[in-house]
Structure formats: structure tokens, C-alpha cells
Amino acid sequence: MRTAPLRVGVLVSGGGSNLQSIIDACQAGKVPAQVVAAVSNVEGAYGLERARKAGIPAYGVPHDGFASRAAFEDRLLAILREHNVELVCLAGFMRVLTPRFLSAYHGRIMNIHPALLPSFPGTHGQHDAHAYGVRFSGCTVHFVDEGTDTGPIIIQAVVPAFDDDTEDSLAARILAQEHRIYPRAIQLFAEGRLRVEGRRVIVRAPRCEDVALHNPPLD
Ligand code: GRF
């Protein structure tokens, strides 16, 4: 059992509501971790503001200011290393990371995706699920590998999709669950309760066997 809080670096591109949920869970003592740096490829991303408000070092690193993807990633890695980051959390980070970056933090990069993977990967998870007409969607926290949203799955949450949902109402229902499962995934990692075997994550946690959801309900 580790004694010092896990040092987490969060990469964002936008509003950073997931970053906020992670900061809040750490500060509330629910997760034995600490967000030690926030980095965005978008200079004015509100996520950076959220970090600063919480007293966390925040860095705008616009990717188009670099001659190559490698140079951009070198800067990200330099910031993460400067803060001794142990776990990298992608939270609405809209840049693909190269194998070089991934190998620098092998097995220590997580991402959150707003759909039940492996369904609806890519940048429009909520839109695609809504357009398909699914009865359930949700969100997934997974370890990052070289594919797009293909890495080993840590935790998922399921939400119903209703006939009168819009893409936005479904996205909002999903986002509320994102804010619950990302901190939980970090907690499980920080407590050493995750083990990756191939593409399967073995989770040492209580389980709930008697669960089934039906939409519409059975009666
Ligand atoms: C979330 O829906 C996340 O799943 C997706 O991008 C969105 C980011 O939202 N990858 P926020 O910036 O955390 O508010």
C-alpha cells in the first residue's frame, strides 16, 4: 500500500468538467491521489482555469506552435516529468498521442469516452449512439493503447436513452456518470487494485451480480 498520494497529470482540450470531478474527489479525500498538473493543447481552455482556481499548475501548450507532433509531445512529457506525474488522465483531450508518448507512460494513461466501448468509438460517441437508436448508452474509462478508444476497459457506467432524448440530453446524462466513474477508476489504480492481463483489466473490488437493466421496463 502506497503512502503518498498518486501524482496525477490531466490533459484537457475543453471545459474540463471531468478534470473538476477528479480534483474534487481528490480534495475530498475519496481518492488517494492529487492532481499536480493540468495541460491543454488549447490556450484558453476553461479546464486550465479550473485547475488554476484549485491552485494546480496549468499549462497552455498549443499544438500548432510546434514543428512536429514529436516536439509537441516532448513539451507535454517535460511538464509531466517536471511534476513527477505517475498517472496521465486524458479528460476531453482531443489530440492523438503517438506510440512514443504512450511508451513513456506505458500502462499509466487513462482516457474517458462518452459511450459504451467498443460501441461508438471516436470523437462523436454520444451523437453516434443517439443516431443509432440504442436503448442504453454510457461511458467508459479505459487504459490507452495505440488504437482509438481500444485500450483495456477499467469501468463503465450505463444510462438509458429515451425516445424523446436529444443528442444533448443523452450527452448530459452520460456526462453525469463520467464524473462518477473517472475518479473511481483513479482510486482503483491508486490503490493498486487494477491488473492488466492482455486486453482485460482484472479489478480487485466488490461486485454486484444481481444487476440487469431493461429499457423500456419489463412491466
Ligand atoms: C467528455 O464527454 C469526455 O467523455 C469526452 O470529452 C468530453 C469532455 O468534457 N472525451 P469535459 O471537458 O471533461 O467537460
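None of the values given here were measured: they were computed from a predicted structure. Whatever order the structure lists ligands and atoms in, that order sets their numbers, starting from 1.
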Is the shortest distance from a Lys or Arg side-chain nitrogen in D163 or R135 to a carboxylate oxygen in the other one below 4.0 Å?
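Between R135 and D163 there is a salt bridge, with a charged N closer than 4.0 Å to a carboxylate O.
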
Is any NZ, NE, NH1 or NH2 atom of the basic residue among D24 and K30 found under 4.0 Å from an Asp or Glu carboxylate oxygen of the other?
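No, no charged N to carboxylate O under 4.0 Å.
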
Below 3.5 Å, can you tabulate the donor-acceptor pairs from side chains in residues 200-209 to any protein atom, sequence neighbours excluded?
| from | atom 1 | to | atom 2 | distance (Å) |
| --- | --- | --- | --- | --- |
| R204 | NH2 | G192 | O | 3.3 |
| R207 | NE | E209 | OE2 | 3.0 |
| R207 | NH2 | E209 | OE2 | 3.1 |

Pairwise distance CG(D64) to CZ(F72) - rounded to 0.5 angstrom:
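With rounding to 0.5 Å, CG (D64) is 9.5 Å from CZ (F72).
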
Say you draw a straight line from OH of Y46 to NZ of K53; how long is it, rounded to the nearest 0.5 Å?
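Reported value, rounded in 0.5 Å steps: 3.0 Å.
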
Pairs of nitrogen or oxygen atoms, one from ligand 1 and one from the protein, closer than 3.5 Å: please tabulate them with distances.
| from | atom 1 | to | atom 2 | distance (Å) |
| --- | --- | --- | --- | --- |
| ligand 1 | 2 (O) | E178 | OE1 | 3.2 |
| ligand 1 | 2 (O) | E178 | OE2 | 3.0 |
| ligand 1 | 4 (O) | E178 | OE1 | 2.7 |
| ligand 1 | 4 (O) | E178 | OE2 | 3.3 |
| ligand 1 | 10 (N) | I112 | O | 3.3 |
| ligand 1 | 12 (O) | G16 | N | 2.8 |
| ligand 1 | 13 (O) | S17 | N | 3.3 |
| ligand 1 | 13 (O) | N18 | N | 2.8 |
| ligand 1 | 13 (O) | N18 | ND2 | 2.9 |
| ligand 1 | 14 (O) | S17 | N | 2.8 |
| ligand 1 | 14 (O) | S17 | OG | 2.5 |

Going by heavy atoms in the side chains, are R180 and S21 under 4.5 Å from each other?
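A side-chain contact under 4.5 Å is absent here.
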
